[in-house]
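Beneath this line is the structure, given in structure tokens, with notes to follow.
Note that ligands are numbered from 1 as they come in the structure, with each ligand's atoms numbered from 1 the same way. Counting begins at 1 with the first residue of the sequence.
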Amino acid sequence: MSQAILPRDDNCNGWYQLLDTPAPARRLSGTEKTDWLVIGAGFTGLAAARSVAELRPNERVILLEGLRVGQGASGRNTGFVIDLPHKRDLEDNDLARKQKLLSLNQSAVSDLAALVERHNIDCDWSLAGKYQGAVGERGLKYLNHYERLLCDSGYPYKRLDRNELEPILGTRHYVAAIYTANTALMQPAALVRGLSESLPSNVELYENTPVASLTRHNGKWYATTPEGEVQATNLLLGSNIFSQEFGFLKHRMLPVMTFASMTRTLTDQEMTLFSRAPHHFGLTPADHAGTTVRLTPGRQLIVRNQYRFVPRYHDNLAERKRIRQGHRESFDARYPSLSQVPFIATWGGACGLSRNYTAFFGKVGDSAWMSGIHQSVGAARGTISGKLLAELATGQNSSQLADMLAISGKPALNPPEPILSIGVSMRMKQAAWASRSEL
Ligand SMILES: Cc1cc2nc3c(=O)[nH]c(=O)nc-3n(C[C@H](O)[C@H](O)[C@H](O)COP(=O)(O)OP(=O)(O)OC[C@H]3O[C@@H](n4cnc5c(N)ncnc54)[C@H](O)[C@@H]3O)c2cc1C
């Protein structure tokens, strides 16, 4: 098998930079034999490793992460753990399916809340809810549609106008927003690090230990790493888009990067813009190609927008200056009085979409299971699907597992290159142009 393309995220993740320097990584060396090998320590892999270790307390679980925990996409997102189904799923007429999705996501929010509390994970966890905001006519059209979908699903929400939003968001930029209460906000790098530090004792985590090749023979999985090898009876893949490097769901993923910038801590004077408690919030755009904004409990503002198709999972770092400039313009449009406040970090992260907006959950081979391609909302979906993947692999029966199997599907096959790259990039450019007023 050829050498896999490995994760090599940039070193600019603002969330990660806020954390203390971790103890040196424990790297794998030599040959290890294990009952369970989990690849990838993001939301999915961490939940899968925890769950399988709890279900099989007498078995050995090895979790391999190519980077340090928190440096992958799970540690570099905008920190929303969203209970509501993704917009595409909300548009589905099948009310029972939506209900399953909602209850699975809600379970992820409460599972994570329980872990944060039990293990005292310092990650600014807060059930703060989220605003879905519209800037102009285009955003309003999307927002009105979203409101209809919420009504049809019987989901509670509150609609706010510009005047009501101003003291919360610190800006008159938004014409309207819809608030839903059951989304949690958190510091993602702190959360995943805390989750990795509180794994059951039968899980061994090796970081900076990328799996370069994965083969199966004589009824075992063999994972080769730079300094060692793992021989495993069972394999759980939490490596998301990188799983196709091992031949799983090949040509069915659309690896896409999106980008965020974070300011320094705002001063007391600057914070007067945000006069209404709790003085922190999360806002996602009504038009998905718009801008996400967060004010953290640590008084830092974050903006996230722009997408790039990245078939090799990485962007051109030289482009970051342009991306940061785009963030600056979005920021200044919202907070002109803070235009002197610098960004201290701009970073990107790669996550997985599929052409038919379908996530994958299930068996991918002999003694091998995978969950991934969570359509950019993997904090909740990765967490609950990782947990249930372990249930599936160990032959459990639960109503949640039945629901997860019922809502999962097969990501659509991609057209061949170069049609794929040209098509996806053109579509993203068109969407960015059409949504420029919401950026
Ligand atoms: C800027 C940004 C903002 C986002 N905002 C949100 C948000 O607010 N809420 C939300 O729900 N989602 C958000 N997302 C998406 C979210 O981050 C992903 O959906 C989520 O991280 C997927 O989790 P995962 O565990 O499945 O995969 P990942 O987080 O991608 O984890 C996979 C892990 O596998 C490791 N790996 C890969 N290959 C190998 C290998 N060969 N050997 C060993 N390890 C390997 C990687 O290093 C990585 O750590 C955002 C993403 C970005 C980039």
Salt bridge between D332 and R328, side-chain N to carboxylate O under 4.0 Å? yes
cation_pi(R88, Y357) dist<6.0 Å, angle<=45: yes
Does R68 qualify as a cation-pi partner of Y16, given the criterion of NZ or CZ under 6.0 Å from the six-membered ring centre and within 45 degrees of its axis? no
Could you tell me which atoms of ligand 1, counted from 1 in the order shown, lie closer than 4.0 angstrom to a heavy atom of H374? 26 (O)
Distance to 0.1 Å, residue and atom name: give those for the protein heavy atom nearest to atom 9 (N) of ligand 1. F80 O, 2.8 Å
Is the shortest side-chain N to carboxylate O distance from E227 to R27 below 4.0 Å? yes
Nearest to atom 47 (O) of ligand 1, what protein heavy atom do you find, and at what distance? E65 OE2, 2.6 Å
As an exercise, identify every atom of ligand 1 less than 4.0 angstrom from a heavy atom of L64. 43 (C), 44 (N)
Any idea which atoms of ligand 1 are less than 4.0 Å away from a heavy-atom of L6? 41 (N)
If you count the atoms of ligand 1 from 1 in the order shown, which ones are under 4.0 Å from a heavy atom of S74? 20 (C), 21 (O), 23 (O), 24 (P), 25 (O), 28 (P), 29 (O)
Please determine whether a side-chain nitrogen of the Lys or Arg among E319 and R308 lies less than 4.0 Å from a carboxylate oxygen of the Asp or Glu. yes
What residue and heavy atom of the protein are closest to atom 11 (O) of ligand 1, and at what distance? A379 N, 2.9 Å
Numbering as shown, the atoms of ligand 1 that approach L67 to under 4.0 Å (heavy-atom distance): 47 (O)
Between T78 and ligand 1, does any nitrogen or oxygen pair lie at a separation below 3.5 Å? yes
Say whether F242, considering both its backbone and side-chain N or O atoms, lies within less than 3.5 Å of an N or O atom on ligand 1. no
Ignoring hydrogens, just give me the one of I5, N77, N240 whose non-hydrogen atom is nearest atom 2 (C) of ligand 1. N77
Does ligand 1 come near enough to F43 that some N or O of the ligand is less than 3.5 Å from an N or O of the residue? yes
Taking distance alone, with N or O pairs closer than 3.5 Å, would you say A350 contacts ligand 1? no
Under 4.0 Å from one or more heavy atoms of G40, ligand 1 contributes atoms 33 (C), 34 (O), 35 (C)
Atom 44 (N) of ligand 1: closest protein heavy atom, distance to 0.1 Å, is G66 N, 3.0 Å
Considering all heavy atoms of both residues, which atom of L28 and which atom of T209 are nearest to each other, and what is their separation? N-OG1, 3.2 Å
If we count only N and O atoms by modelled type, under 3.5 Å, do the side chains of T296 and D124 hold a donor and an acceptor together? no
Would you call the rings of W15 and W347 parallel, tilted or perpendicular, taking 30° and 60° as the class edges? perpendicular
How far is atom 52 (C) of ligand 1 from its nearest protein heavy atom, and which residue and atom is that? T258 CG2, 3.6 Å
Check this for me, if you would: do R159 and E147 make a salt bridge, where the nitrogen-to-carboxylate-oxygen distance has to be below 4.0 angstrom? yes
Specify whether F246 and F248 have parallel, tilted or perpendicular ring planes, treating 30° as the upper limit for parallel and 60° as the lower limit for perpendicular. perpendicular
Hey, can you pull the donor-acceptor pairs under 3.5 Å for the side chains in residues 106-115, sequence neighbours left out?
| unit_1 | atom_1 | unit_2 | atom_2 | d |
| --- | --- | --- | --- | --- |
| S107 | OG | Q400 | NE2 | 2.9 |
| S110 | OG | Q106 | O | 3.1 |
| S110 | OG | S107 | O | 3.3 |
| D111 | OD2 | K387 | NZ | 3.2 |

I'd like to know if G238 contacts ligand 1, where contact means a heavy-atom distance under 4.0 Å to any ligand atom. yes
Thinking salt bridges, do D35 and R60 make one under a 4.0 Å N-O criterion? no
Name the orientation class of the two ring planes belonging to Y131 and F281 (parallel below 30°, tilted from 30 to 60°, perpendicular beyond 60°). perpendicular
Answer yes or no for I39: is there a heavy-atom contact with ligand 1 below 4.0 Å? yes
So is P210 touching ligand 1 or not, going by heavy atoms under 4.0 Å? yes
Return yes or no for this condition: an N or O of A73 is under 3.5 Å from an N or O of ligand 1. yes
Measuring from non-hydrogen atoms of S376 to any atom of ligand 1, is the shortest distance under 4.0 Å? yes
Less than 4.0 Å is my threshold; does some heavy atom of F246 fall inside it relative to ligand 1? yes
Please identify which atoms of ligand 1 are closer than 4.0 Å to at least one heavy atom of R76. 1 (C), 2 (C)
Looking only at distances, please establish whether an N/O atom of ligand 1 is found under 3.5 Å from an N/O atom of T44. yes
Ranked by distance from atom 41 (N) of ligand 1, the top protein heavy atom is V211 O, 3.0 Å
